[in-house]
Protein chains: 2
Amino acid sequence: MIKVLLAEDQAMVRGALSALLKLESDLDVIGCAADGEEAWQLAQTGKPDVVVTDIEMPKLTGLELAQRVREREPGIKVIILTTFARPGFLRRALDAGVGGYLLKDAPAEQLAEAIRKVHRGGRAIDPQLALEAWSGDDPLNDRERQVLRLAGEGKSAGEIAVQLHLSQGTVRNYLSEAIGKLGVSNRIEAYRLARQKGWL
Amino acid sequence: MIKVLLAEDQAMVRGALSALLKLESDLDVIGCAADGEEAWQLAQTGKPDVVVTDIEMPKLTGLELAQRVREREPGIKVIILTTFARPGFLRRALDAGVGGYLLKDAPAEQLAEAIRKVHRGGRAIDPQLALEAWSGDDPLNDRERQVLRLAGEGKSAGEIAVQLHLSQGTVRNYLSEAIGKLGVSNRIEAYRLARQKGWL
DNA sequence: ACTTGGCCGTGACACCTGTCATCAAGCGGC
DNA sequence: GCCGCTTGATGACAGGTGTCACGGCCAAGT
């Protein structure tokens, strides 16, 4: 009997996934968490074999959760289950030592399969995504990322400068750098591209 | 026995919701569709009592599907099940005559309940969303929406002008109008706000 | 025929953006 | 020490953006 903990912020999806896994006779859903923090609590008390988690969650993201689990509960495996086919996310997930990375686009049967495979010590990485992951590296540095994030929220160079304690000119330099590196022609496109790639 | 058709583009979620509904003894999931077009085909052949559909789907959105169902298969009820708590979406859904509008944030039990209620001829609208829906009207006209959509993709006034066969100055006027109406200070914020409200 | 209102365009202005060359301070490394 | 490197600042410039006033056109209303 494989003990599974489910972390997913959308209640409807959480309940549905739970129902899905309960159909499998060799899986035991020992808990459901609505955010990363709750998942971490339940992981410590419930001692699941595998944690299935979304990435975008309140309080603690799935990636942060994975990292913490590896550091402090290395016996527990983590599988990321997310909407986002972003190479950057997969990269970071692998860095955090996850056992699996599945997309919500994948057929439902794959989830139980992945849980069994990871529990046996294997890895379950979405195949087409695995290819993409090594196709493009994040060219941005920390400052460029920060600046781009704020620019994407509609902030002007001046506002960004205040927030980051830089001069306005420096902010514009970083933005210009980012725009150049990404091969686009303005901050909006730069933001969209970086976001789509999972680089923010 | 209530016959249910499920339309949802993410396979994992589709399968999970199907598993969830199959736990209910009075519900019969007669089909699952991965896009709006497939859902429409299955709705015609399978004659479900209720269609549960996501909004964002390939080929035909949930809103368009709802409209078509009301026009050509008025006996079939539609329930929208979506991530997006956007007043504009709810408004359009109600205009399309849907029987229910649920959020994926809602507890899983509500789905079966909503299906039963709608099948009995009732309505199942997410309560907090119903309030919001009448709180703010879309102040934008068609041109402003078009221009804002393109601006949000990072296009400059010149590029937008070419695409819409307008002059660059006119495009800037529309953008300025939209920015003013939304009470923000640049096109990026205007785009984000309009998008968040479901007005694009 | 006259007015009203929506749609589109123009021109002018201040300000913001994106680019580039350049400079200064700090920080390991050999 | 001197070197190379990084981080941040500065100033200048062309071009884009946001605002505004104004003018023409056309389809209703009256």
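A, B, ... follow the sequence lines: proteins, then strands. Residue 1 opens every chain. Remember, it's a predicted structure, so these values are computed and weren't measured experimentally.
- When each of Ile179(A) and Gly169(B) is assigned the nucleotide of DNA chain C with its nearest heavy atom, Gly169(B) is the one assigned upstream, toward the 5' end.
- Listed pair Thr170(A) / dA9(D) meets the phosphate criterion, a side-chain N or O lying under 4.0 Å from OP1 or OP2.
- Ion pairing between Arg14(B) and Asp54(B) fails under the 4.0 Å rule for side-chain N and carboxylate O.
- Within 4.0 Å of Ser176(B), counting heavy atoms only, lies at least one base atom of the nucleic acid.
- In this structure, Asn141(A) places its CG atom 17 Å from P of dC5(D), rounding to the nearest Å.
- Between Asp28(B) and Lys3(B) there is no salt bridge, since no side-chain N of the basic residue sits under 4.0 Å from a carboxylate O of the acidic one.
- In this structure, CD1 of Ile188(B) is placed 8 Å from P of dG18(D), rounded to the nearest angstrom.
- Rounded to whole Å, the distance from OH on Tyr174(A) to C1' on dC16(C) is 20 Å.
- Rounded to an integer number of Å, the gap from CZ of Arg187(A) to C1' of dT17(C) is 6 Å.
- Considering only side-chain N and O atoms, Arg172(B) lies nowhere under 4.0 angstrom from the phosphate OP1 or OP2 of dT19(D).
- Salt bridge present: Arg116(B) and Glu113(B) bring a charged side-chain N and a carboxylate O closer than 4.0 Å.
- Taking 4.0 Å as the cut-off between side-chain N and carboxylate O, Arg92(B) and Glu64(B) do not count as a salt-bridged pair.
- In this structure, the CG atom of Leu164(B) is 14 Å from the P atom of dC7(C), given to the nearest Å.
- Comment: Lys181(A) engages Glu144(A) in a salt bridge, judged by a side-chain N to carboxylate O separation of less than 4.0 angstrom.
- Put simply, CG on Asp142(A) is 12 Å from C1' on dT7(D), counting in whole angstrom units.
- Look at Arg143(A) and you'll find a side-chain N or O under 4.0 angstrom from OP1 or OP2 of dG8(D).
- In this structure, Lys155(B) places its NZ atom 18 Å from C1' of dT17(D), rounding to the nearest Å.
- One interatomic measurement links the two molecules: CG of Asn186(A) to P of dT17(C), which rounds to 11 Å at whole-angstrom precision.
- When heavy atoms are screened at a 4.0 angstrom cut-off, Asn173(A) is found touching base atoms of the nucleic acid.
- Of the listed nucleotides (dA9(D), dG18(C), dG9(C)), dA9(D) has the atom at the smallest distance from the side chain of Leu166(A).
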